[in-house]
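Just so we're on the same page: letters track the sequence lines, and every chain starts at 1. Source: prediction; values computed, not measured.
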Amino acid sequence: MISKKWLQVAGVAGAIPFVLTACGGGGEADSSGGEGGGELSGQIQIDGSSTVGPLSEVAAELFMEQNPGVQISVAMSGTGGGFERFCNGETDMNDASREISEEEIALCEEAGISQERITVANDALGVIVHPDNPIDCITVDQLNQIWGPDSSATTWGDVEGLEAGDAADSEFTLYGPGTDSGTFDYFTEAVNGEEGSIRTDYTDIGEDDNAAITGVEGDANAMAFVPYSYFMEAGDAVKPLQIDSGDGCTEPTLENVQSGAYTPLGRGLYVYASDVALENQASVAFMNFYIENSAEITETAGFIPLTDEQMSTATEQIESLSS
Amino acid sequence: MVIQKGEQPQRSRLAVAGARSATESVFGAGSRADRIGNVLFRALLLLGMGFALLGMMAIIVWSFVDGMPRLDMNLITEGPSSITPETAGYRTAILGSLYVIGGVILFIVPVGVGAAIYLEEYADHTRWWNRLIEVNIQNLAAVPSIVFGILGLAFIVRGPLDLGFVAAAGSLTLSLLVLPTVILASREAIRAVPSSTRLGSLGLGATHWQTIWHHVLPGALPGIITGVILSVSRAIGEAAPLLLVGAVTFVMFDPSFFEGQFSVLPVQIYNYAGRPQEEFRVLASAGVILMLAVLLVMNSFAIWLRNHYENKNAR
């Protein structure tokens with residue numbers, strides 16, 4: 001475990017000089033300020049989702065190593081709480097694991113802040129079960145039968161078309177996050193069709209996704225949904241199910257999420273930046289840095305990097321917002 | 001006259017002994033059932049205390065076992081890091097906590113003690129507004145901390161004071177949170193100063209204020225310091241209200257009091273404890289030990305201060 005982590009750290013450390021030279025060499029990368037070497041200064045305040053927060057922390061840390069004059073702070077009030085501050089002009093950027101809502105847009109417009117959603121990483125939710133569970137693949141409809149608001153299923157056998165073998169008569173235990181969590185919003189919308197709609201008799205683990213891993217690890221008939229980084233970190237202790245959304249079973253792997261094949265539980269993670277914040281050169285440099293170094297940043301934080309297409313879209317967005 | 005004066009204590013001692021034996025005869029001392037009951041009740045009390053101690057020991061032992069690998073100097077000298085949790089530490093969070101708690105002490109001691117002096121020495125308790133103040137203070141002591149966080153956000157960070165999301169706002173919010181405790185403890189301490197001290201001082205021609213400053217406060221000081229210790233111990237462990245008034249989870253630069261972002265120990269620990277990677281959770285456990293250590297250092301200084309004044313008074 002530790003040695004694996006050390007390797008990763010060594011990998012990141014090794015990548016920094018490479019990134020530095022890459023920034024120095026590329027004509028397009030000149031705008032990034034990656035080679036600015038302390039010329040940039042100012043404060044950048046980031047708030048928002050606790051899912052995206054760790055990612056922004058890694059980006060901030062790497063950026064500050066190269067630009068010691070810039071002070072970046074990251075808070076995690078949750079996507080909604082963050083937007084409230086963002087649209088009040090109190091933060092420069094907001095981490096978000098969902099799109100900005102109509103009310104929040106209205107709030108921002110009232111304060112004269114125009115914002116743009118910039119995709120900074122990809123994420124996936126995994127549906128996890130105990131390794132001994134005979135189920136390997138599940139359809140979105142079956143997930144809905146289990147987690148739907150009107151669900152009366154209590155055993156694996158109650159779910160139509162689910163091949164549960166000799167576990168069919170066992171009652172299952174469900175673990176899910178609290179209603180404040182972005183994971184909750186995302187899962188309920190993707191599986192049950194409406195944000196916040198879910199059966200109420202599952203075990204609420206609050207904001208701590210580790211609790212879901214612990215729960216599933218210790219219960220042969222448990223099921224939970226957790227973000228990508230959590231079940232990757234858990235290794236063989238839990239089994240992520242393949243998801244069938246009509247085109248056959250798809251594993252929650254890096255390739256499948258990036259290609260969009262892992263639907264509907266793969267998603268983008270966003271940073272909302274305001275036009276006001278991007279008047280500051282340091283903020284522009286930071287956002288560009290965030291996108292260009294997507295590979296290192298996402299790997300360190302345990303997410304899935306951007307595709308080339310996503311990267312060029314993001315770069316264009318930053319340019320149009322800052323000009 | 002002299003004989004009479006000597007007799008009076010003697011008489012009252014007799015009266016006390018009589019009253020005691022009368023009470024004992026009403027309740028019946030020493031039947032077998034009573035003695036068993038006494039033993040049982042004692043055992044029950046010990047059991048209750050045992051549970052409380054056991055819970056605390058479990059936290060400490062668990063944190064030590066989990067956090068052992070990270071109990072090193074980096075924990076104090078290094079700032080937070082998401083890239084290298086193996087060497088990351090709590091420097092900025094410790095500084096943030098010290099700033100916030102320092103501000104709390106500076107605010108609650110004069111205001112809390114001042115309020116206690118007013119209520120005990122000056123307030124006319126037959127007036128309705130003084131009684132209203134008293135009831136309010138007692139109720140405020142039971143308000144959940146998150147409510148103070150919302151208050152801090154609306155009135156201190158934004159609104160009338162408009163300090164912004166800075167350490168000073170955190171200090172003020174926590175001060176409001178613990179102020180009732182300080183006032184209540186200080187009032188008890190002031191009330192415990194024998195009235196003969198006050199009357200003696202006034203009788204020798206001292207003014208009301210001179211009496212309070214030179215006789216009542218020195219006598220009450222140990223009790224007041226105890227109240228401050230309890231309040232500060234509560235304030236240093238608070239995370240919820242600080243999250244609302246802007247304690248962030250990640251600052252790599254050292255904080256300052258009136259500007260810039262800050263973090264505090266409990267918020268940083270909370271952040272690390274929820275991470276998927278094992279290293280962060282080890283770091284969180286080490287942080288728990290660190291916070292206990294900071295608290296112990298601060299409290300032992302206060303206790304030393306209290307004993308110092310207690311001895312001075314005894315002499």
Side-chain angles (χ1 to χ4, degrees), chain A residues 1-2 4-6 8-10 12-13 16 43-47 50-51 53-65 68-78 81 84-85 88 90-91 206-211 213 226-234 296-297 299-302, chain B residues 69-70 78-88 92-93 96 149-150 153-154 157-159 162-167 169 239-240 242-256 259-264 267-268 270-284:
Chain A
M1 192 70 189
I2 287 170
K4 188 184 129 199
K5 208 68 213 174
W6 271 111
Q8 265 191 29
V9 172
V12 172
I16 293 168
Q43 288 204 349
I44 304 174
Q45 294 180 14
I46 307 174
D47 198 350
S50 56
T51 311
L55 190 72
S56 289
E57 282 189 13
V58 172
E61 201 173 335
L62 287 172
F63 184 75
M64 281 187 281
E65 269 173 26
V70 183
Q71 296 189 329
I72 305 174
S73 65
V74 183
M76 299 177 202
S77 313
E84 202 245 330
R85 290 182 60 187
N88 209 8
E90 288 164 346
T91 55
E207 289 277 290
D208 182 7
D209 291 309
N210 274 318
I213 301 275
V226 290
Y228 182 80
S229 54
Y230 284 84
F231 68 76
M232 284 314 284
E233 197 67 32
E296 293 82 24
I297 295 167
E299 196 200 326
T300 313
Chain B
R70 279 309 322 279
E78 292 297 315
S81 169
S82 275
I83 302 170
T84 52
E86 297 83 359
T87 55
T92 53
I150 296 168
L153 179 66
V157 173
R158 299 171 183 164
D162 200 21
L163 286 181
F165 294 90
V166 293
L242 285 177
L243 279 173
L244 275 175
V245 299
V248 298
T249 47
F250 183 77
V251 268
M252 289 184 74
F253 43 93
D254 293 347
S256 75
E259 62 176 332
Q261 304 288 292
F262 70 103
S263 186
V264 289
V267 169
Q268 190 88 56
Y270 170 74
N271 173 28
Y272 283 155
R275 293 292 182 88
Q277 293 92 346
E278 181 70 23
E279 286 80 5
F280 283 112
R281 280 181 272 163
V282 172
L283 194 55

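Proximity to chain B is absent for every atom of D47(A), based on heavy atoms less than 4.5 angstrom apart. Proximity to chain B is absent for every atom of D209(A), based on heavy atoms less than 4.5 angstrom apart. Proximity to chain B (any heavy atom under 4.5 Å) is restricted, for I72(A), to the backbone atoms N, CA, C and O.
A salt bridge links R158(B) to E84(A): one of the charged nitrogens lies within less than 4.0 Å of a carboxylate oxygen.
Within the 3.5 Å criterion, the main-chain N or O of G246(B) finds no donor-acceptor partner in the side chain of R85(A). T91(A) contributes no side-chain N or O that, together with a main-chain N or O of I46(A), makes up a donor-acceptor pair within less than 3.5 Å.
Among M76(A), Q43(A), M64(A), the residue making the largest number of heavy-atom pairs under 4.5 Å with chain B is M76(A). Most heavy-atom pairs under 4.5 Å with chain B, from the set S56(A), A301(A), P227(A), S73(A): that is S73(A).
Every residue two or more places apart in sequence or in another chain that forms a side chain to side chain contact (heavy atoms under 4.5 Å, CB included) with A247(B) is listed here: L242(B), F262(B), V264(B), V267(B). The side chain to side chain donor-acceptor pair (under 3.5 Å) check on T249(B) picks up nothing, with sequence neighbours excluded.
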